[in-house]
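Input: a single structure, listed below in C-alpha cells.
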Amino acid sequence: MAWKGETLEELAGKMGVPADNLIRTVEDYNEGVRLGKDRLGKKIHSLTLPIAHPPFWACYAGMTVHYTEGGIAIDEKARVLNKKNQPIDGLYAAGTITGNVHGKNRLGANGLADAIVFGRIAGRQAAKN
C-alpha cells in the first residue's frame, strides 16, 4: 500500500492517521536531519534529506520476524546432527530450519543461498541412501 498527498494533512487522511501526529513526526525527522541526530540522540547517517516538498509519499511497513538464529545443526553434507554432533542416518535439512550455518547473525537474503546450496546438498545426499 502506498499513499500520495500534496499536503501532510491530505497524506494523513489517506493513511488514516491523525494529521497532527504525522506533521509532528515529520518536524521531528527534519530536525534530526538538521542536527545530524534524532531527539533521542541516535546519529543519523543515511537520512540526510528533509521531507519538505510535495508530493509527499507514505507506504505501509510492518515489522515481522525475518529470521531466527538457531535451529537444527547440520554438517557440510546437510546431515542433521545429534546432541553429540554426530550425523543422524537418513535425516537431512536445509534453509531456515538450520541453525549453525551463519553463526550468531546473518545478512538479509543470505537465507536464499543457504536454502539453495544446502537444499541441493541435502537432496544429493538423500538420493544416495
Side-chain angles (χ1 to χ4, degrees):
M1 290 195 227
W3 305 275
K4 176 183 173 184
E6 290 302 314
T7 66
L8 292 174
E9 292 84 358
E10 178 187 355
L11 183 61
K14 290 180 177 180
M15 294 170 60
V17 301
D20 292 348
N21 288 359
L22 179 60
I23 292 167
R24 189 170 41 253
T25 299
V26 170
E27 288 171 350
D28 285 347
Y29 168 84
N30 287 342
E31 181 72 3
V33 169
R34 189 178 70 71
L35 297 174
K37 63 181 179 179
D38 70 13
R39 60 189 168 106
L40 299 175
K42 181 180 174 185
K43 290 183 181 179
I44 298 175
H45 299 286
S46 60
L47 306 177
T48 58
L49 299 174
I51 299 171
H53 305 289
F56 300 104
W57 286 88
C59 67
Y60 174 80
M63 299 300 290
T64 63
V65 175
H66 162 85
Y67 186 84
T68 56
E69 300 297 336
I72 297 172
I74 62 172
D75 65 10
E76 71 281 357
K77 294 181 180 177
R79 297 178 296 186
V80 174
L81 303 176
N82 65 19
K83 289 182 180 183
K84 295 179 182 178
N85 282 334
Q86 299 165 329
I88 299 172
D89 286 337
L91 188 56
Y92 302 89
T96 57
I97 192 69
T98 61
N100 63 327
V101 176
H102 295 287
K104 283 178 65 178
N105 200 352
R106 74 168 183 91
L107 299 173
N110 282 353
L112 296 174
D114 175 21
I116 292 167
V117 170
F118 281 98
R120 183 173 186 195
I121 292 170
R124 284 184 167 177
Q125 293 299 315
K128 289 181 181 179
N129 290 335

Can you tell if the side chain of [X] reaches within under 4.5 Å of the side chain of [Y], non-hydrogen atoms only?
{"X": "Leu81", "Y": "Pro87", "value": "yes"}
{"X": "Tyr92", "Y": "Phe118", "value": "no"}
{"X": "Ile121", "Y": "Glu76", "value": "no"}
{"X": "Asn30", "Y": "Ile51", "value": "yes"}

Gap between atom [atom2] of [Y] and atom [atom1] of [X] - 0.5 Å precision:
{"X": "Cys59", "Y": "Met15", "atom1": "SG", "atom2": "CE", "value": "9.0 Å"}
{"X": "Glu9", "Y": "Lys14", "atom1": "CD", "atom2": "NZ", "value": "13.0 Å"}
{"X": "Leu8", "Y": "Asp20", "atom1": "CG", "atom2": "CG", "value": "11.5 Å"}
{"X": "Asp28", "Y": "Asn21", "atom1": "CG", "atom2": "CG", "value": "10.5 Å"}
{"X": "Asn82", "Y": "Ile72", "atom1": "CG", "atom2": "CD1", "value": "12.5 Å"}
{"X": "Gln125", "Y": "Asp75", "atom1": "CD", "atom2": "CG", "value": "8.0 Å"}

Test salt bridge (charged side-chain N to carboxylate O under 4.0 Å, His left out) on Glu27 and Arg24 and set out the steps.
CA-CA 5 Å; Glu27 288 171 350; Arg24 189 170 41 253; over 6 Å; no
Connected via hydrophobic side-chain network under 4.5 Å: Val17 and Tyr29:
yes
Please answer: with hydrophobic residues joined when any side-chain heavy atoms are less than 4.5 Å apart, are Leu11 and Met1 in the same cluster?
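Same hydrophobic cluster.
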Identify the heavy atoms of [X] and [Y] that sit nearest to each other, and give their distance.
{"X": "Val80", "Y": "Ala93", "value": "CG2-CB, 3.7 Å"}
{"X": "Tyr60", "Y": "Trp3", "value": "N-CZ3, 3.6 Å"}
{"X": "Ala12", "Y": "Ala19", "value": "CB-CA, 3.5 Å"}
{"X": "Glu6", "Y": "Pro54", "value": "O-CB, 3.2 Å"}
{"X": "Glu10", "Y": "Lys4", "value": "OE2-O, 4.1 Å"}

